[in-house]
Colleague: 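Please find one structure pasted underneath; my questions will follow.
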Amino acid sequence: MCGPPGDRDGGAPGDRETEYERRLDALLDATRRLIAAERPNVIADRASSAAAEILDLRLNGVHLYDEEADALVPVAWSDATVNLVGEPPAFEPDEGLAWRTFERREVAVLDDLADEPDLYNPETSIRSEIQLPLGDHGVFLIGETTAGAFDEMDVTLAKLLASNVEAALDRADRERRLERERDRFAAVFESIPDPAATVSLRDGEAVVESVNSAFERAFEYTESTASGRTLNELIVPEDRQTAGRRIDERAAAGEQVVEEVRRRTAGGELRDFLFRNIPIDGTDEAYGIYTDITDRKRRERTLEALNEVTRRQIRASTPDEVARIAVEAAEEVLGLPLSSVHRYDESEQALELTAVSAAGDSYSEEMDLTYTDHDTIVWEVFESGSSRVVDDLRELPPERIPNPETPARSAVILPLDGHGVFVVTSQTPDAFGDDDIQLAELLAGTTAIALAQTDHEQTLARLHDATRGLMSATETETIAELTIAAARDVLDFSLVSVRSYDPDANVLRPAAATDRALEQFGELEVFERDESLAWRTFDSGEATVLADVTEYEASVNAGTGVRGLMILPLGEYGTLNVAATTPDAFDEADRSLARILAANVETALARSADERELRTRERELSRQNEQLDKFASVVSHDLRNPLNVATGRLELLDSEVESPHIEPIRRSHERMETLIEDVLALAKQGRSVGETSSVSVATTATEAWEQVSGDGTTFEVVTDLVVEADESRLQELFENLFRNSVEHGSTSPRSQGRGGAVEHGRPDEPPQLTIRVGALADDAGFYVADDGAGIPSDEREAVFERGYTTAGEGTGFGLTIVQQIARAHGWQVGVTESEAGGARFEIRLAGHDDRE
């Protein structure tokens, strides 16, 4: 599309179908307005507006041929054109490219006007241009200030608009001729080129008095057989009788009638006409003139049908379906029964038969319609990108014909923009007129657009499949090799390498490359810091794309034959390098797909690094668990067995003697048993968690409180938070936190400090305490808070240390167990002051490390 500099549309490939259909519909409405216009300058103005407003081709102008001046005179031009170049000039014979297009009657798409020797104004700021002939009427010029600005959609829609403008100018010419003829019609009735009849308007009906020779030829009635009969009876089809009578009534009322009508010949053929009545002053008679517009109406219907074909092609899911729709449309819409689509197969260097019309099926069975000979005219069209019309194939040298034994005599061969060729043939020479060729070109243009879309979608699907392979790989070397395979087999890049960053040596090392790259470059070297453009890409994280490395300030890949180059970052892991031996080798689709591949490779490499780190961590955890198991075994057997013996002996002693020392010894044994139990629990909590599930914080906390609950303590849960956790381990976490609050949450004055309040309240009264469980902001975790004495700020880190306690009866392991359980889940635990001044323990879930 075209517009002021920097105002080009660039929608994602997913939106092109909708955009194309919208513009087609809008163009159809504009065509109706064109046809309704009666003067060339009005048609030109509406054409310029349609190009600017509907097609977004804002730099445009219409030049019409002025016979008197013998020049192409500017008639209409867009505001953007005036702003850029002022009033456009007139072009005299053999002056400028516009006159050449007018003379040749051929569309010209000029990608860079700087390369054109016959440029009218070498100083012009317009760089690319579409020049469209308007038949004998003039030219339609569309420009842009950047080179190569127009894509297939622009050209196709511009051709369609120009074709409709030409049709409207043809009609306007006819209209002007009719107006001139009307003034002298009475004297030259017989010489009127259009069918005409003189009628008398009797009782609301038009009765034929006379007809001219054109009427006789068109409707196949002589004047003698037509005279005395009504027009409705004579030429109006049965299904249009009511409309015919309304025309008669309007004419009888003296109204000037101009209307498109369908009429029937004596032979039964239905044709379309533009009907005009001309009252004869002072009489009840009038002239009825029929301008045959059958061909124009047929063309309009054909263009509408082609619009629908285009929609079907854009919705097609495979190139084969696009090709099949094309050959069906050639036969059913354009009336060209012999056609075929041949797609380019790069690996076979062949134009493979993809679809053939029903009438051509027998040919495809009898002869090979896959073309491999590059000297033939079919390959010439494919490689040059220019259409060829052959009036008689037998006049060509045999070696230029793909199948010398073909029964075809004439052919239209159309390029499909690098995707292949569209071939239309006939068994008679000189079979194709200008309309056939123009409509076939439109069909080929929409087919090329649809093929480009389906090819892109299939490439994306294959790239998606390749990505699944990347994501399943665990080793960096495997990922590099899969990347090379995807770039080569999916994206059709032949010179590809992956470089891996070595942080220890601070170099980019070659990790993998295509065979073709190794043949081209030999053994790939290690890039030291700042030795290559790859470092610029790696450090900046932005892709580098060079259309031609020979124009770069440094000697990039000097002597290697490389001209085009893409270097894409792979995050912290390295770069993906794609080269080509021709300049401008990478279009926007190539760049987009390469970026997608690079992003997927970076993700795969990050995943691989994470998995390696996870495996290292798992091995370390396994080692720690093994050590914990050994420790638990020592505690369980080597300490508990002697303790059991000592406890038994104490019981025997107690039964034999009375001593004040027995009870202190028993309490010491119980203390040792508690220490052993806590140490074993601590060893257990140091393990990684088992299977996790979605666990309700409220339910688990309530069940934990039932195991701990203390007299005079109020318990509240104010959250419905659900977390991913090992439920039994989470319950143990809550039990230890609740036990800590009950044992240390005395309501003694806080001024006593933690030392005087953590274990007990006053011995002569039960503790009064409230424990609350709630969720952190944004559900980042949960908390357990009490309104007890709290923990001094300088002791909050120490409370999680093993053995730390301020209670004479405590082991100091409870909060350490809480911390171990939290860490095993990947959580963080901290302590602060609650709103009531007590202790508040906050557990933050994984991924919510920032503290409130």
Side-chain angles (χ1 to χ4, degrees), residues 460-491 496-514 526 534 537-539 541 543 568-577 593-629 685-695 723-726 729-730 780-781 820-828 844-850:
L460 284 176
R462 293 197 302 273
L463 192 57
H464 181 67
D465 292 339
T467 298
R468 284 199 291 269
L470 285 170
M471 294 308 168
S472 64
T474 58
E475 300 300 328
T476 301
E477 295 78 7
T478 304
I479 293 173
E481 293 293 344
L482 290 173
T483 301
I484 293 300
R488 179 192 61 226
D489 301 335
V490 178
L491 305 186
V496 187
S497 64
V498 173
R499 291 188 173 273
S500 178
Y501 176 60
D502 182 345
D504 295 330
N506 195 25
V507 296
L508 289 170
R509 297 187 184 279
T514 58
V526 174
T537 297
F538 177 74
D539 289 336
L568 301 111
L570 301 178
E572 64 188 81
Y573 307 103
T575 60
L576 172 62
N577 310 275
L593 292 170
R595 289 190 183 98
I596 292 172
L597 175 60
N600 290 334
V601 173
E602 180 181 347
T603 301
L605 289 169
R607 180 177 176 275
S608 174
D610 290 343
E611 288 185 352
R612 285 196 302 274
E613 182 179 348
L614 180 60
R615 288 195 296 271
T616 300
R617 182 182 174 191
E618 287 174 347
R619 286 194 295 270
E620 178 62 22
L621 285 174
S622 178
R623 186 186 64 79
Q624 291 178 1
N625 286 340
E626 184 178 348
Q627 291 176 342
L628 287 171
D629 286 341
Q685 305 310 331
R687 290 178 174 272
S688 59
V689 297
E691 183 175 351
T692 63
S693 59
S694 296
V695 179
V723 298
E724 190 72 17
D726 180 327
R729 303 285 291 280
L730 179 60
Q820 294 282 41
I821 294 174
R823 286 178 176 174
H825 282 83
W827 303 339
Q828 291 184 343
R844 291 186 173 274
L845 306 178
H848 297 277
D849 295 339
D850 293 335

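Keep in mind that this is a model prediction, so the values were computed, not measured.
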Colleague: Can you name the closest pair of heavy atoms from Leu508 and Gly574 and give their distance?
Modeller: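 Minimum heavy-atom contact is CD2-CA, 4.3 Å.
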Colleague: Quick one: are Leu568 and Thr575 in side-chain contact, heavy atoms under 4.5 Å?
Modeller: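 Counting from C-beta outward, Leu568 and Thr575 never come under 4.5 Å.
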Colleague: Do you know the tightest heavy-atom contact between Leu463 and Leu597?
Modeller: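 Taking Leu463 first and Leu597 second, the nearest heavy atoms are CD1-CD1, 3.9 Å.
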Colleague: Which heavy atom of Ile484 sits nearest to which heavy atom of Ser497, and what is that distance?
Modeller: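 Heavy-atom minimum between the residues: CD1-CA, 3.8 Å.
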Colleague: Using every non-hydrogen atom in the two residues, find where Met471 and Asn600 come nearest and quote the distance to one decimal.
Modeller: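 Nearest pair, atom of Met471 first, then Asn600: CE-O, 3.4 Å.
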Colleague: Take Asp465 and Arg468, measure what salt bridge (charged side-chain N to carboxylate O under 4.0 Å, His left out) needs, and give me the verdict at the end.
Modeller: CA-CA 5 Å; Asp465 292 339; Arg468 284 199 291 269; 2.3 Å; yes
Colleague: Flag the pair Arg607 and Asp610 as a salt bridge only when some basic side-chain nitrogen lies within less than 4.0 angstrom of an acidic carboxylate oxygen.
Modeller: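 No, Arg607 and Asp610 are not salt-bridged.
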Colleague: Do Thr474 and Arg615 have side-chain atoms, one donor and one acceptor, less than 3.5 Å apart?
Modeller: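 Side-chain D/A pair, Thr474 to Arg615: absent.
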Colleague: Step by step, work out the side chain to side chain contact (heavy atoms under 4.5 Å, CB included) result for Val496 and Leu576.
Modeller: CA-CA 7 Å; Val496 187; Leu576 172 62; 3.7 Å; yes
Colleague: Just checking Tyr501 against Tyr573, ring centres under 6.0 Å apart?
Modeller: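 Between Tyr573 and Tyr501, which both carry aromatic rings, the centre distance is not below 6.0 Å.
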Colleague: Going by heavy atoms in the side chains, are Val723 and His825 under 4.5 Å from each other?
Modeller: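 They are not in side-chain contact.
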Colleague: For residues Leu730 and Ala725, report the shortest heavy-atom separation together with the two atoms involved.
Modeller: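 For Leu730 and Ala725, the tightest heavy-atom pair comes out as CD2-CB, 4.3 Å.
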Colleague: Please examine the side chains of Asn577 and Val498, heavy atoms only from C-beta on, and report whether any two atoms are closer than 4.5 Å.
Modeller: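 No, too far: nothing below the 4.5 Å cut-off.
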Colleague: I need the minimum non-hydrogen distance between Ser608 and Ile479, along with the two atoms involved.
Modeller: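 Between these two residues, the closest heavy atoms are CB-CD1, 3.7 Å.
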Colleague: First locate atom CD of Glu724, then atom OG of Ser693, and finally report the distance between them rounded to the nearest 0.5 Å.
Modeller: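 If I round to the nearest 0.5 Å, the distance is 6.5 Å.
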Colleague: Going by the side chain to side chain contact (heavy atoms under 4.5 Å, CB included) test, name the single residue among Leu605, Leu482, Thr478 that passes it with Leu470.
Modeller: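 Single side chain to side chain contact (heavy atoms under 4.5 Å, CB included) partner of Leu470 among Leu605, Leu482, Thr478: Leu482.
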Colleague: Can you tell me how far the CZ atom of Arg499 sits from the CG atom of Leu570, to the nearest 0.5 Å?
Modeller: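 Answer for the CZ-CG pair, Arg499 versus Leu570, is 12.0 Å.
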